[in-house]
Amino acid sequence: MTLQQEIVGNAMQMAVVNLQPGQTVYCEAGKFLFKTTNVTMETRLSGPSNNGGQQQGGSGGMGGLLRQAMGTAMQVGQRMLAGESLAFQYFTSQGGEGTVGFAGVLPGEMRALELDGTRAWFAEKDAFVAAESTVEFGIAFAGARTGMSGGEGFILEKFTGYGTVIIAGAGNFIDLNPADFGGRIEVDTGCVVAFEEGIQYGVQRVGGLNRQGIMNAVFGGEGLSLATLEGNGRVILQSLTIESLANALKKAQGGDKQGPTGGLFSTHAG
């Protein structure tokens with residue numbers, strides 16, 4: 001059953017989802033806006049299961065309950081390590097069609113991605129807003145070397161299964177395919193929102209350890225690294241980074257200490 005949804009608004013978009021009777025959608029805690037009275041809301045620590053998001057009761061006796069508890073604990077532990085919300089909110093329409101509204105937390109766009117079961121999607125941390133109960137939410141790690149170099153790209157959200165997943169980012173979105181640009185693009189590490197499975201994500205140093213490389217890092221505003229995206233697949237970038245937004249707010253409040261040195265010595269929001 002296809003999720004009927006509409007993304008509305010401009011500078012701060014929101015997703016309005018129409019649920020059919022018995023249909024379930026879930027979101028990260030804090031992304032819910034409104035609902036009609038015939039839509040029930042339930043908060044769970046566990047993510048959606050393969051049977052459409054319904055918990056599997058006590059099937060399998062004590063062993064089944066133990067496996068379910070261990071699986072939930074592992075999911076919660078992964079999300080805690082990634083800095084994600086520990087719980088999900090589930091919304092199910094009863095007694096007719098229902099409506100639920102969701103939004104991101106930053107001024108920017110939202111996007112509905114359609115999964116057909118053949119390719120997973122990866123997204124930056126905190127990009128997830130809501131999804132059908134047939135979409136599995138997981139945490140992926142880009143590897144210690146990439147994480148140490150790139151920051152934002154170390155921990156990624158992973159979506160598998162089939163159905164609709166809604167993500168959000170800051171500023172405006174642009175869709176690119178590295179195959180249209182010689183197979184590889186280089187991006188500010190904070191501008192990557194999401195990419196399809198099959199795209200290779202990495203991080204590279206901005207220039208060498210020479211005079212120009214140091215000038216790029218200190219005065220260029222990009223720090224020491226750029227994200228690299230290679231392959232043939234869809235990539236979504238955002239025009240605004242959380243760091244640039246935080247620095248703009250600090251500057252407006254008279255607290256900007258970044259000065260002329262740019263990315264390497266920029267002040268990060270705590």
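Note that these values count all heavy atoms, side chains included, but never hydrogens, waters or copies made by symmetry.
- Within 6.0 Å of the CG atom in D180, the count of heavy atoms belonging to other residues, nucleotides or ligands exceeds 12.
- Under the salt bridge (Lys or Arg N to Asp or Glu O under 4.0 Å) criterion, E230 pairs with R184, sequence neighbours left out.
- Inter-residue side-chain proximity for V105 and K31 is flagged as met; some heavy-atom pair is nearer than 4.5 Å.
- Taking each heavy atom of G233 and I199 in turn, the nearest pair found is N-CD1, 3.6 Å.
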Worksheet item: Please walk me through it: do V192 and L237 pass side-chain contact (heavy atoms from CB on, under 4.5 Å)?
Response: CA-CA 5 Å; V192 179; L237 306 179; 4.3 Å; yes
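- In this structure, CG on D188 lies 11.5 Å from OG on S239, to the nearest 0.5 angstrom.
- At a threshold of 4.5 Å between non-hydrogen side-chain atoms, the residues K125 and L156 do not count as touching.
- To the nearest 0.5 Å, the span separating CD on E197 from CG on L115 amounts to 10.0 Å.
- Annotation: side chain of M14 is in contact with side chain of L33 (closest heavy-atom distance under 4.5 Å).
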Discussion item. side-chain contact (heavy atoms from CB on, under 4.5 Å), that's the test. Do L19 and Q4 meet it? Break it down for me.
Written reply: CA-CA 7 Å; L19 296 176; Q4 297 180 9; over 6 Å; no
Item to complete: Any chance you could lay out the side-chain contact (heavy atoms from CB on, under 4.5 Å) test for I155 and I139, step after step, and finish with the verdict?
Response: CA-CA 7 Å; I155 298 173; I139 300 296; 3.9 Å; yes
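- Side-chain atoms of Q5 never come within 3.5 Å of backbone atoms of V17 as a donor-acceptor pair (strictly under, hydrogens ignored).
- For Y201 and F122, the gap between ring centers reaches or exceeds 6.0 Å.
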If you look only at distance, which donor and acceptor atoms sit under 3.5 Å apart when one is on a side chain in residues 165-173 and the other is two or more places apart or in another chain?
residue, atom, partner, partner atom, Å
N172, ND2, E109, OE2, 3.4

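- A heavy-atom distance below 4.5 Å is found between the side chains of R111 and I236.
- Counted by atom type alone, T228 and E186 present zero donor-acceptor pairs between their side chains at under 3.5 Å.
- Side-chain contact between T40 and K35: absent, with no pair of heavy atoms (C-beta onward) separated by less than 4.5 Å.
- No path of Ile, Leu, Val, Met, Phe, Trp and Tyr side chains, each step under 4.5 Å between heavy atoms, connects V16 with I7, placing them in separate hydrophobic clusters.
- When all heavy atoms of N232 and A179 are compared, the closest pair comes out as OD1-CB, 3.7 Å.
- Looking at F34 and V100, their side chains never come closer than 4.5 Å, going by heavy atoms from C-beta outward.
- Between V235 and I174, the closest side-chain pair of non-hydrogen atoms is not below 4.5 Å.
- Here the shortest heavy-atom pairing between V129 and C27 reads O-CB, 3.0 Å.
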Worksheet entry | Trace of the side chain to side chain donor-acceptor pair (under 3.5 Å) decision for T160 with E136 | CA-CA 5 Å; T160 55; E136 297 286 331; 5.7 Å; no
Item to complete: Could you please spell out the steps behind the side-chain contact (heavy atoms from CB on, under 4.5 Å) verdict for E97 and Q23?
Response: CA-CA 9 Å; E97 295 184 0; Q23 191 174 23; over 6 Å; no
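- For the residue pair T92 and T24, a side-chain donor N or O sits within less than 3.5 Å of a side-chain acceptor on the partner.
- No side-chain heavy atom of T189 sits less than 4.5 Å from a side-chain heavy atom of L226.
- A ring pair (Phe, Tyr, Trp, His ring centres under 6.0 Å) check over residues 4-33, counting only residues at least two apart or in different chains, returns the pairs Y26-F88, Y26-Y90, Y26-F128, F32-F91.
- Smallest separation of non-hydrogen atoms from N38 and S93: ND2-OG, 3.6 Å.
- Considering all non-hydrogen atoms of both residues, Y162 and T134 come closest at O-OG1, 2.7 Å.
- For K158, the NZ atom sits in a loose shell: 12 or fewer heavy atoms of surrounding residues, nucleotides or ligands are nearer than 6.0 Å.
- Defined by atom type and a distance below 3.5 Å, a donor-acceptor pair is missing between the side-chain atoms of E42 and Q89.
- A continuous path of Ile, Leu, Val, Met, Phe, Trp and Tyr side chains, each step under 4.5 Å between heavy atoms, connects M41 with V39, placing both in one hydrophobic cluster.
- Comment: R119 engages E196 in a salt bridge, judged by a side-chain N to carboxylate O separation of less than 4.0 angstrom.
- The two residues T241 and C191 have their closest heavy-atom pair at CG2-SG, 3.6 Å.
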